[in-house]
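Let me begin by presenting the structure, written as structure tokens, before commenting on it.
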Amino acid sequence: MRSQLAQPATEVAPLLLGARLTSVVGPGTVSVEITEVEAYEGEADPASHAWRGPTARNAVMFGPAGHLYVYRSHGLHWCLNVVTGGVGTATAVLLRAGRVVEGDEIARLRRGTHLPSSRLARGPGCLAQALGATGALDGADLLTGAGPIRLTMPETPPGETARGPRVGVSRAADVPLRWWIAGDPTVSAYRRSPRAPAPAAD
DNA sequence: GATTTGATTCTCT
DNA sequence: GAGAATCAAATCC
């Protein structure tokens, strides 16, 4: 499976739709089925953290595929990425949303309120929170099966998928590197970054 | 060394 | 629809 992930993020991203991410941190097991992802193409992608080259924060992205890259956004939220490509290639796939398929009660507990199931993991920060994932998991190997968090590729195609521009990025905002499962209620609504330049007129 | 921004989300108007 | 909350890393002087 690791070889499957050792491809450019743009190749791996659609493959991750329908994949299952399972965390066993804290009080119990929570599994989510990925419904929305975004690809980041490393140093060639101005929207990627790796755009300026290797740093202490993004070091994991330059490592081997199949590891988890976790970073904090706005000081509040944790965001989860699957590292793809080979060593030295800083491509990664951001996990934006998912559907809780196991550990529903635990996820609901972490999210704090009695939300409908479709909102437990809608959005990158919410997904991480539902799984109990934090910066402590940065660099974790998703494929050993022994770690606190692991990834299982889908056995069957997820059905109809859609593709469009990435959410919230201020650079390269119009590049269609986001994939999601069409019609899924857990997919977050598209919101353009307030800092992004106006979209190119037709 | 100080300043600014960010792959966000929630709440109030 | 707009603004606040809040930490760290990158950038600038």
Side-chain angles (χ1 to χ4, degrees), chain A residues 8-10 12-14 16-17 21 32 34-63 67-85 89-100 107-140 142 162-180 185-199:
Chain A
T10 48
V12 179
L16 289 175
L17 291 176
L21 190 65
V32 301
I34 306 302
T35 59
E36 184 184 4
V37 298
E38 280 179 10
Y40 286 86
E41 301 182 293
E43 293 173 281
D45 183 357
S48 170
H49 287 171
W51 184 41
R52 304 271 184 185
T55 66
R57 177 171 59 155
N58 64 29
V60 174
M61 275 202 287
F62 286 84
H67 285 250
L68 190 68
Y69 167 51
V70 185
Y71 71 93
R72 181 162 30 211
S73 177
H74 292 65
L76 301 171
H77 308 287
W78 296 103
C79 297
L80 274 43
N81 301 252
V82 176
V83 177
T84 68
T89 310
T91 55
V93 176
L94 169 69
L95 306 178
R96 287 198 56 85
R99 179 176 62 249
V100 178
R108 212 175 290 269
L109 207 62
R110 289 188 176 128
R111 297 277 286 116
T113 50
H114 18 277
L115 295 165
S117 298
S118 61
R119 288 191 186 172
L120 285 178
R122 188 171 75 160
C126 297
L127 177 67
Q129 189 178 10
L131 287 169
T134 68
L137 294 182
D138 188 35
L142 291 166
R163 181 180 180 179
R166 291 180 292 192
V167 174
V169 300
S170 57
R171 290 179 163 277
D174 297 313
V175 185
L177 293 180
R178 170 171 168 255
W179 288 261
W180 65 94
T186 63
V187 174
S188 52
Y190 174 59
R191 286 175 61 185
R192 192 181 183 82
S193 168
R195 297 185 186 283

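Labels below follow one simple rule: chain letters A, B, ... track the order of the sequence lines, proteins then strands, and each chain is numbered from 1. Everything numeric in this text was worked out from a predicted model, so none of it was measured.
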Separation of [N] [atom2] from [X] [atom1] (nearest whole Å):
X: R171(A); N: dT4(B); atom1: CZ; atom2: C1'; result: 14 Å
X: L76(A); N: dT8(B); atom1: CG; atom2: P; result: 12 Å
X: D138(A); N: dC7(C); atom1: CG; atom2: P; result: 19 Å
X: D174(A); N: dA7(B); atom1: CG; atom2: P; result: 15 Å
X: R57(A); N: dG6(B); atom1: CZ; atom2: P; result: 11 Å
X: N81(A); N: dG6(B); atom1: CG; atom2: P; result: 17 Å
X: L127(A); N: dT9(B); atom1: CG; atom2: C1'; result: 14 Å
X: N58(A); N: dA8(C); atom1: CG; atom2: P; result: 17 Å

5′-ward residue of the pair Q129(A)/S193(A) relative to DNA chain B: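 The residue whose closest nucleotide sits nearer the 5' end is S193(A).
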OP1 or OP2 of [N] versus the side-chain N and O atoms of [X]: is any pair under 4.0 Å?
X: S170(A); N: dT5(B); answer: no
X: R52(A); N: dT11(C); answer: yes
X: R111(A); N: dT9(B); answer: no

Just compare [options] and give me whichever is closest to any side-chain atom of [X].
X: H77(A); options: dT9(B), dA7(B), dC7(C); result: dT9(B)
X: R72(A); options: dT8(B), dA8(C), dA10(C); result: dA8(C)
X: R96(A); options: dA10(C), dG3(C), dA7(B); result: dA7(B)
X: Y69(A); options: dA7(B), dT9(B), dA5(C); result: dA7(B)
X: V169(A); options: dT9(B), dA7(B), dA9(C); result: dA7(B)

Do D174(A) and R192(A) meet the salt-bridge criterion of a basic N to acidic O distance under 4.0 Å?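 The answer is yes: the pair qualifies as a salt bridge.
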Under-4.0 Å salt bridge between R96(A) and E38(A):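 Result for this pair is yes, salt bridge flagged.
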Give, for atom CG of L68(A) and atom CG of L142(A), the distance between the pair rounded to the nearest 0.5 Å.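 Separation between the atoms: 5.0 Å.
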H74(A) aromatic ring stacked with six-membered ring of dG6(B), 5.5 Å and 30°: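 Whether judged by distance or by angle, H74(A) passes, so it stacks on the base of dG6(B).
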Got a donor-acceptor contact below 3.5 angstrom from the T91(A) side chain to the T84(A) backbone?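 Such a contact is found between T91(A) side chain and T84(A) backbone.
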Between the base of dA9(C) and the side chain of H49(A), is there a donor and acceptor pair under 3.5 angstrom?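 By the distance-only test, no, there is no pair.
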Within the modelled atom types, does a donor on one side and an acceptor on the other bring the side chain of Y71(A) and the base of dA8(C) under 3.5 Å apart?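 Between dA8(C) and Y71(A), which were checked side chain against base, a qualifying N/O pair under 3.5 Å is absent.
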Pair partner, dA7(B) [Watson-Crick or wobble, under 3.5 Å]: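 The base-pairing partner of dA7(B), which may sit in any strand shown, does not exist here.
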Go ahead and name the base partner of dT6(C); Watson-Crick or wobble counts if both distances stay under 3.5 Å, otherwise write none.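 Pairing partner: none.
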Which heavy atom in Y40(A) sits nearest to a heavy atom in D45(A), and how many Å separate them?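 In terms of heavy atoms, the two residues are closest at CA-OD2, 3.5 Å.
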Does any part of the side chain of L177(A), heavy atoms only, come nearer than 4.5 Å to the side chain of W179(A), both counted from C-beta?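 Side chain of W179(A) against side chain of L177(A), heavy atoms only: contact under 4.5 Å found.
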Between dA2(B) and dT6(C), how far is it from one P atom to the other, in whole Å?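 Here dA2(B) and dT6(C) have their P atoms 22 Å from each other.
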